[in-house]
Chemist: 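Handing you a structure now.
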Amino acid sequence: MTEQNGLHSKSNGDHKDEYLFNKNQLQSVFKEYSLKDPKLVDNIYDKKYLLRPLALSDFHHGFVDLLRQLTECGTITYNDYLKRFQQMKQCPNTYYVLVVEDVNSDQQIVGTATLVCEKKFIRQLGVRGRVEDVVVHDRCRGQQLGKLMVDLLTQFARDVCDCYKISLECKDHLVTFYQQFGYDHEDKQNFLCQRFKTLSTNQREAIE
Ligand code: 16G
């Protein structure tokens with residue numbers, strides 16, 4: 001495995017891992033981002049963390065446990081994970097699960113954020129983006145990993161996926177965090193929700 005600008009790249013096929021989406025798709029936005037905020041990128045990627053698409057092997061490096069810091073995940077075996085991974089992969093240009101790997105800590109997954117691109121008939125066959133499941137490991141908060149992931153995915157949705165809009169749901173205390181990336185309440189719009197299953201009261205803390 002080699003490292004290029006903080007993004008993983010395969011070294012001549014000696015790495016058998018499988019990614020959810022093509023990591024080359026991230027290169028252009030990552031490069032642009034490095035120009036926009038070189039300090040953040042340098043700090044974060046100083047051989048400490050790697051940003052890349054979700055890989056099959058991430059199951060063994062704490063991906064699901066990380067998601068448990070966001071909400072309930074239930075019992076997930078490797079086979080369950082594999083099946084869902086394959087289902088997502090079979091929907092091209094739809095599921096972009098980003099992860100941050102802690103290189104110095106047995107490749108532990110310490111951050112994740114997902115962009116889901118929903119194809120529509122409206123808006124001239126438009127695509128709507130949704131940011132989902134943003135979580136940074138509690139031991140790695142305060143290092144702007146959440147900021148980097150959300151900013152990159154937002155830019156990726158606009159420039160690569162050609163989304164006509166992007167939205168997310170979050171708790172009240174995170175509204176200001178997301179506003180810095182351009183998200184805001186829309187006039188006379190509401191987020192309505194109906195729950196079909198009871199969840200525990202797992203609360204997420206600040207993700208910055
Ligand atoms: C937050 C997440 C959402 C996630 C939900 C899980 C972001 C921006 N929002 O709203 O993506 O699915 O929490 O909570 O990360 P739930 O299990 O109660 O639906």
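Computation of the quantities below employed the complete heavy-atom set of this structure, encompassing side-chain atoms and omitting hydrogens, waters and symmetry-equivalent molecules. Counting starts at 1 for both ligands and their atoms, in listed order.
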Chemist: What's the verdict on side-chain hydrogen bond (donor to acceptor under 3.5 Å, both in side chains) for R84 and Q87, showing C-alpha distance, side-chain angles and the deciding distance?
Modeler: CA-CA 5 Å; R84 180 49 48 92; Q87 285 165 351; 2.8 Å; yes

Chemist: Under 4.0 Å from any heavy atom of Y178, which atoms of ligand 1 are there?
Modeler: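 Per the distance check, 8 (C).
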
Chemist: Using 0.5 Å steps for rounding, measure from the OH atom of Y78 to the CG atom of L56.
Modeler: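 Y78 OH to L56 CG: 4.5 Å, rounded to 0.5 Å.
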
Chemist: Atom 10 (O) of ligand 1: which of K171, K197, E169 has the nearest heavy atom?
Modeler: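 Looking at heavy atoms only, the winner is E169.
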
Chemist: Checking the N or O distance criterion of under 3.5 Å, is ligand 1 in contact with V134?
Modeler: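 Among all N and O atoms of V134, at least one is under 3.5 Å from an N or O of ligand 1.
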
Chemist: Are the side chains of D80 and T75 in contact, using a 4.5 Å heavy-atom criterion?
Modeler: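 A side-chain contact is absent here, since even the closest heavy-atom pair is not under 4.5 Å.
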
Chemist: With a cut-off of 6.0 Å (strictly less than), are more than 12 heavy atoms of other residues, nucleotides or ligands near NZ of K119?
Modeler: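 Yes - once you tally the heavy atoms of other residues, nucleotides and ligands closer than 6.0 Å, there are more than 12.
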
Chemist: Test of understanding: given a 4.0 Å heavy-atom threshold, classify the contact between D133 and ligand 1 as side chain, backbone, both, or neither.
Modeler: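 Both backbone and side chain.
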
Chemist: Hey, is R68 close enough to D65 for a salt bridge, meaning N to O under 4.0 Å?
Modeler: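 Between D65 and R68 there is a salt bridge, with a charged N closer than 4.0 Å to a carboxylate O.
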
Chemist: I'd like the name of whichever of E72, E132, R195 reaches closest to atom 16 (P) of ligand 1 through any heavy atom.
Modeler: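 Among E72, E132, R195, the closest heavy atom to atom 16 (P) of ligand 1 comes from R195.
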
